[in-house]
Amino acid sequence: MWIGVVTIFPELFGAFLSTSLIGRARQSGRLQIEVRDLRDFTDDPHRVVDDEPYGGGGGMVMTAPPWLRAVRELSAGRSPRRVLLSPQGRRLDDAKVQELAAEPELLLLCGRYEGIDERVRELVVDEEVSIGDYVLSGGELPAMVLVEAVSRCVPGVVQQQSSVERDSFRSGLLDHPHYTRPAVVEGLAVPPVLLSGDHAAIERWREREALRATATKRPDLLAAAPLTAEQRAVLETCK
Ligand code: 4HQ
């Protein structure tokens, strides 16, 4: 998969893109990520990318010309889906992540200041995506969130593909609790079934705890999850 990113702060992506899972995926060639500085697409020597808003008011607005040039140059010879990170977008969820991961090419636009001239959206943006209802200073962190979530869906990026399938949300449920050594932490013991060696019993416990966690922490998810009759019965015994 190819992902292009346009930003005025390309350095923010350095450690993120060279560390851990994403670093390895890039080295193996499964992920090709091209981060470009918006200022490289200006034609004035001062590399200015913002101006005062028409109609007045505070703050600055990112001008259209560098964005149009950046998007068109990075789209030359490919046809990436062009995504603008913005609080006005549709909220990112697992369904959207999987939909974006099915694209061979994505181009992510990271704005700053009060935002980008509206005509950029009209001319070269396919869709807006938000990572949540709160205000950030720029689209860079949302772009990293999107890159990380999407990358996990690209075949071979997560070494254990079984862990992607087991992942939270794929089932519509939250994960069960996890425990590791030591067996007792400040008087709190590991649930004995996990030490029993009885794999079927452990599987039943995990399923039950996943249902319980979802019911108590995210009842909204539970309402939307397609539960089997057996899962409904187990859920009854958790109450
Ligand atoms: N932004 N999800 C970039 C966000 C945001 C979000 C605010 C995007 C500032 C310039 N983006 N502008 N939440 O808060 O995606």
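Every value quoted in this text rests on a predicted model; they were computed, and no experiment measured them. Start at 1 and go down the list; that is how both ligands and their atoms are numbered.
- Sorted by chain then number, the residues whose non-hydrogen atoms approach ligand 1 to under 4.0 Å are L85, S86, P87, G111, R112, Y113, V129, S130, I131, G132, Y134, V135, L136, G138, G139, P142.
- At least one donor-acceptor pair under 3.5 Å links the side chain of E105 to the backbone N or O of S79.
- V154 and L108 end up in the same hydrophobic cluster when Ile, Leu, Val, Met, Phe, Trp and Tyr side chains are linked at under 4.5 Å.
- Of the candidates R81, R121, R90, E127 forms a salt bridge (Lys or Arg N to Asp or Glu O under 4.0 Å) with just one, namely R81.
- Side-chain N or O atoms of T19 include none that pairs as donor or acceptor with a backbone N or O of F16 at under 3.5 Å.
- Of the possible donor and acceptor atoms, none in the side chain of S130 sits under 3.5 Å from a partner among the backbone N and O of R91.
- With salt bridges taken as basic N to acidic carboxylate O contacts below 4.0 Å, one links E99 and K96.
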